[in-house]
Amino acid sequence: MSSYDVIIIGSGPGGYVCAIRCAQLGLKTAVVEGRDTLGGTCLNIGCIPSKALLHATHMLHEAEHNFAAMGLKGKTQSVDWKQMMSYKNDTIATNTKGIEFLFKKNKIDWLKGWGSIPEIGKVKVGDDLHDAKNIIIASGSEVSSLKGVKIDEENIVSSTGALELAKIPKKLIVIGAGVIGLELGSVYKRLGADVTVIEFLDTITPGMDAEIQKGFKKILAKQGLKFIMGAAVQGVERKNNKTSVAYKLRKDDSEHTLDADTVLVSTGRRPYTDGLGLTELGVEISERGQIKTDSHYKTNINGIYALGDCIDGPMLAHKAEDEGMACAEGLAGQKPHVNYRVIPGVIYTHPEVANVGKNEEQLKEDGQDYKVGKFSFMGNGRAKANFASDGFVKILADKVTDRILGAHIIGPMAGDLIHEICVAMEFGASAEDLARTCHAHPTYSEAVREAALACGDGAIHA
Ligand code: NAI
């Protein structure tokens with residue numbers, strides 16, 4: 001048995017970042033992790049492996065569609081799936097080993113096994129009981145399947161199985177046009193699969209700016225993804241080597257089925273808190289299964305904190321990381337603050353989609369007087385040279401004060417471009433502040449500046 005200032009349960013982006021910050025601030029820290037490798041869902045079966053596959057298949061797309069036009073001829077591309085999987089696995093390994101290195105560097109103990117909290121101030125891992133002045137739950141989330149749909153991770157898969165398929169499916173049905181469905185749907189489309197996305201709502205990517213939703217869907221459809229919208233999936237069945245999805249169209253209640261080799265269920269995730277002993281301890285949980293916390297990540301039980309996917313808010317690795325740092329700093333007596341109004345969201349398709357702050361629909365609902373500055377990547381020299389001119393930047397600013405309220409981008413490197421707007425928003429900048437900032441030419445970033453200019457007297461290249 002050992003004693004710690006802090007024991008964190010879970011080594012995903014929330015947990016491991018929190019641990020590093022705790023250690024940096026002089027707290028004796030341990031992390032409980034039951035997986036064989038550190039990094040949680042994000043590094044092992046989420047963000048990182050999916051980005052490896054998105055990168056590899058984007059390269060394939062470039063080779064197939066744009067190389068010849070650039071004068072690069074002569075070699076036919078073919079896919080070695082085994083090698084692509086091993087590239088993906090190597091990417092996971094270098095990242096998870098990186099966290100292990102950081103733990104050693106910061107003298108953080110890895111308590112291997114699944115943890116539970118038998119009583120306040122104690123964490124049990126296997127047969128060992130450890131003392132902890134503070135316990136932080138960063139246990140993440142798990143796939144939330146549809147009622148009656150059994151995920152076998154072979155033919156009916158979640159994102160986990162979709163990153164490990166034995167072979168590239170000829171036909172793939174994706175249930176849910178959210179982030180996971182569109183990212184992984186894009187991967188398999190680029191690998192030659194016939195991909196149909198079935199979505200309950202009439203729009204893709206729920207919660208996003210409506211203009212972005214429309215533009216994004218158009219681009220994905222141009223890339224060959226098929227969409228069945230307004231369709232409630234009723235069930236998925238595996239029979240005679242085929243997987244059938246039964247769905248009902250909401251507009252007329254008509255019933256249909258569609259067959260595929262593989263079905264990806266990407267209808268959301270839910271907090272993962274199984275086996276921690278929270279009910280016995282009396283930790284308050286919301287109706288949605290999230291651990292309830294105050295703004296300092298404290299639960300209703302003294303000395304127990306929670307952060308990341310298992311509490312309220314968007315299930316995003318970077319949101320969890322920020323909470324991890326803030327929670328650690330709070331324990332060390334500092335006064336940290338996470339600005340939930342400036343948390344970017346990114347979809348790593350090609351083009352990428354990124355957003356921060358409010359969208360137009362939310363501003364209308366708030367009764368906010370706003371203006372819109374838009375700029376298409378068609379007017380961006382770099383994007384044209386790189387065959388990447390699909391998409392646009394849209395900046396929303398207060399009509400009177402010009403303060404930036406939100407930004408929405410579809411375009412090349414949108415996930416990187418969004419951050420200059422995040423920084424601007426953190427500093428309470430106006431669209432004019434962005435517009436008057438010199439941007440290097442030729443860069444994709446110029447499109448952000450042009451959109452900011454469009455909030456004022458007008459973009460130059462529009
Ligand atoms: P999601 O919540 O983004 O999308 C789920 C979609 O499924 C919704 O559009 C919903 O309307 C639809 N749906 C639900 N029930 C349905 C039914 N019966 N029939 C048809 N459609 C139905 O969930 P997703 O994509 O599974 O992602 C889960 C979480 O993981 C999200 O919170 C997301 O933010 C996070 N994530 C983030 C990534 C990123 O930041 N790039 C990447 C992957 C995941």
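Counting convention: from 1, in listed order, for ligands and their atoms alike. Position 1 is the first residue of the sequence, and the numbers go up from there. Note that the coordinates shown come from a computational prediction; the quantities given were computed from them, not determined experimentally.
Of all atoms in ligand 1, listed by their number and element, those nearer than 4.0 Å to a heavy atom of G176 are 6 (C), 7 (O), 12 (C). Applying the 4.0 Å criterion to heavy atoms of Y348 picks out, from ligand 1, the atoms 41 (N). The atoms of ligand 1 that sit less than 4.0 Å from any heavy atom of A231 are 19 (N), 20 (C).
Across E62, K189, R190, a single residue satisfies side-chain hydrogen bond (donor to acceptor under 3.5 Å, both in side chains) together with T57, and that is R190.
Nearest protein heavy-atom neighbour of atom 5 (C) of ligand 1: S266 O, 3.4 Å. Among all non-hydrogen protein atoms, the one lying nearest atom 10 (C) of ligand 1 is E199 OE2, 3.5 Å. Shortest contact from atom 38 (C) of ligand 1 to any protein heavy atom: V179 CG1, 3.3 Å. Scanning the protein heavy atoms around atom 35 (C) of ligand 1, the nearest turns out to be M315 O, 3.5 Å. Nearest protein neighbour of atom 16 (C) of ligand 1, counting heavy atoms only, is T267 CG2, 3.8 Å. In terms of protein heavy atoms, atom 44 (C) of ligand 1 is closest to I180 CG1, 3.2 Å. Nearest protein heavy-atom contact of atom 18 (N) of ligand 1 is L146 CD2, 3.3 Å. Scanning the protein for heavy atoms near atom 28 (C) of ligand 1, the closest one is R269 CG, 3.5 Å.
Side-chain atoms of D433 and S430 form a donor-acceptor pair, as typed in the model, at a separation below 3.5 Å. Side chain to side chain, E420 and H439 meet the donor-acceptor criterion of an N or O pair below 3.5 Å. In this model, a donor atom of one side chain and an acceptor atom of the other lie less than 3.5 Å apart for S158 and E153.
We find that R269 and E142 are not joined by a salt bridge, their nearest charged nitrogen and carboxylate oxygen being 4.0 Å or further apart.
The two residues L281 and I304 make their nearest non-hydrogen contact at CD1-CD1, 3.9 Å.
Within the set G178, A177, P314, the minimum heavy-atom distance to atom 1 (P) of ligand 1 is found for G178.
Under the 4.0 Å distance rule, the nearest protein heavy atom to atom 31 (C) of ligand 1 falls outside the cut-off.
At a 3.5 angstrom cut-off on N or O pairs, E183 counts as close to ligand 1. Taking any N or O of L316, backbone or side chain, none lies under 3.5 Å from an N or O belonging to ligand 1. Considering backbone and side-chain atoms together, F200 places an N or O closer than 3.5 Å to an N or O of ligand 1. Annotation: G268 places an N or O atom under 3.5 Å from an N or O atom of ligand 1; distance criterion only.
Between Y247 and H256, the angle of the ring planes stays under 30°, which puts this pair in the parallel group of the 30/60° scheme.
The closest approach between S159 and ligand 1 stays at or above 4.0 Å for every heavy atom of the residue.
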